[in-house]
Amino acid sequence: MKKLKLYCVIIGNALNRRQSLFSFMFKRKERYTDGVKWKFLEHKGPVFAPPYEPLPSNVKFYYDGKHMKLSPQAEEVATFFAKMLDHEYTTKDIFRKNFFKDWKKEMTSEERSKITDLKKCNFTEMSDYFKAQAEARKSKTKEDKLKIKEENERMLQEYGFCVMDNHKERIANFRIEPPGLFRGRGDHPKMGMLKRRIRPEDIIINCSKDSKHPVPPPGRKWKEVRHDNKVTWLVSWTENIQGSIKYIMLNPSSRIKGEKDWQKYETARRLKKCVDRIRNQYREDWKSKEMRIRQRAVALYFIDKLALRAGNEKEEGETADTVGCCSLRVEHIKLYPENDGQEFVVEFDFLGKDSIRYYNKVPVEKRVFKNLQLFMENKEPDDDLFDRLNTSILNKHLQELMDGLTAKVFRTYNASITLQQQLKELTNVEENIPAKILSYNRANRAVAILCNHQRAPPKTFEKSMQNLQTKIDAKRDQLADAKRELKSAKADAKVRRDEKSKKYVSKAVQRIEEQLMKLEVQATDREENKQIALGTSKLNYLDPRISVAWCKKMGIPIEKIYNKTQREKFAWAIDMAEEDYEF
DNA sequence: GAATGGACTTAGTACCATAGGT
DNA sequence: ACCTATGGTACTAAGTCCATTC
């Protein structure tokens, strides 16, 4: 009786917690309609990068073959370069030029007058010193490593959490970005520039008036303390490379992020209800008398069919030259009236977000093809394909078609609906768990391919594939042996009327067969995944309730699909979705 | 309607702890 | 018990989209 009671209390607590989580979510919506994000916010402020520690005097810098003692400021920047010496980009002209220019700004006038050529700088002693340090760190004793771990944990406990409206929440990034050399992605015009050290005087603190305000380091001041409850960030500062603002915000597991995430998928589900209408509409618009409407309609077709990003304009020379749908240029597509037996093929070849290449050959409808020919008439390769269109025009149009609709909703919608369809198509309740998981990963993969989520093939890919193959071969041999053994055991059983060893061996055969299967599945999965990153779509595009429902239907433990962090992020969905959930 | 600033989501990669094999 | 491939995570860059200002 006592035990039962205790059990009820525990369950009761769990239920209360869940209910409160959700009633809280719903209530909020009613409570704050005017953009208010919280009523109470308290935190400890950011953790700054550790101060620069000058090099020991035996680690020398040489200019033009001669030893030269650098001022601390100049030395610090020099170490940034030294740490990157093994990277290919320190050989790039732009990187070196940007670095040298910014480095000179940190030098004393004396240093500046002496050091005039980067090629004459010798950083190798510094570089070797840091390599040795990294080595030393790796080979530290268990106790030392434990100490570091404990210290990290202490920092996390002290600075890694905040209180927002009665909830203790995890902070995503409580450490200020340390100084260093900027390395953008792709061909970035600012690579190599000095990312300066952030001081308390650069920091804006956001918290509620009635909270215990974070305290700046001794003798220092914050730039500002404000109490803006219309935003979700706790700390901000302006970064010096692009002049943009950086923020400290909450972890994806937090209420405020979870709610927003949920909202995102609800918007995508609303699109599901009216996507047919919208598709009919843009097909009609391909015939419009107005060029701007035709362009809008063709762009939307690409966004819908190919899950392209919106493509905002970018300031030339400030960032790498990348494009999205609305910013496509004539040079990014090729038209083939006929290609490999298909009619009206468009070949896309451009660099998208993060300078990831998008390459695709797709047959399109005749009207789209004719329109594209029209848009390209009398244009140079570097002219805009959609010269009468930009993201603002497109999104205004989308807003009229559905409340809250923007270009990126199509990516979310198409990703999620693809997962749902693929899961239906690929999985079979009868199969065993590894086979089901392979199917899940394949469905996930279909989405990643749609969204063009790529990764550099792991450096150890070939080797690890080989290792796996060796294992598979070994397992095959083992299976063959076991089968032979089973045969003789069967014969034995007949003669001696002893079923025991036969049963035992047959169990072993079964076990080995399963192991072999698992390995083979693993090999297939890995091979197919060579250049594809599943994480991004899983984290940002797939309605988690689809996966949760699928797990329930297929009898798969959720842990097989989502790791701990992911389960925390998707806690709302794990609680919410039933077996019959439909996106 | 163009430019700018601001807030927030989405993105790939480097690094590190650790699981799982020897 | 030791070693190493792998998964998980931290990091921070690079997008989207909206509001504001001129």
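Order of the sequence lines fixes the chain letters, A, B, ..., with proteins taken first and strands second; residue numbering starts at 1 for each chain.
- The two residues A:Glu169 and A:Arg255 come nearest to each other via the heavy atoms OE2-N, 3.1 Å.
- Nearest to the side chain of A:Val231, among B:dA7, C:dA14, C:dG15, sits B:dA7.
- Using a 4.0 Å heavy-atom cutoff across all strands shown, A:Ala310 reaches sugar-phosphate atoms only and no base atom.
- Using a 4.0 Å heavy-atom distance criterion, A:Thr319 is classed as making no nucleic acid contact.
- Each of A:Asn173 and A:Gly324 was matched to the nucleotide of DNA chain C holding its nearest heavy atom; the match closer to the 5' end belongs to A:Asn173.
- Here A:Lys264 lies in heavy-atom contact (under 4.0 Å) with sugar-phosphate atoms only.
- Geometrically, A:Lys168 engages A:Phe161 in a cation-pi contact, judged by NZ or CZ lying under 6.0 Å from the ring centre and within 45° of the ring axis.
- The phosphate of B:dA7 (OP1 or OP2) has no side-chain N or O of A:Lys37 nearer than 4.0 angstrom.
- DNA chain B lies under 4.0 Å from at least one heavy atom of each of the following residues of residues 243-251 of chain A: A:Ile245, A:Tyr247, A:Met249.
- No donor-acceptor distance shorter than 3.5 angstrom exists from the side chain of A:Glu290 to the backbone of A:Arg292, with no hydrogens or angles considered.
- Positionally, the nearest nucleotide of DNA chain C for A:Asn563 lies more toward the 5' end than for the other of A:Asn563 and A:Gly186.
- A:Phe350 and A:Phe348 have perpendicular rings, their planes meeting at more than 60° on a 0 to 90° scale where under 30° would count as parallel.
- A cation-pi contact, defined as under 6.0 Å to the ring centre and within 45° of the axis, links A:Lys83 to A:Phe130.
- Of all heavy-atom pairs spanning A:Tyr159 and A:Gly45, the tightest one is CD2-O, 3.6 Å.
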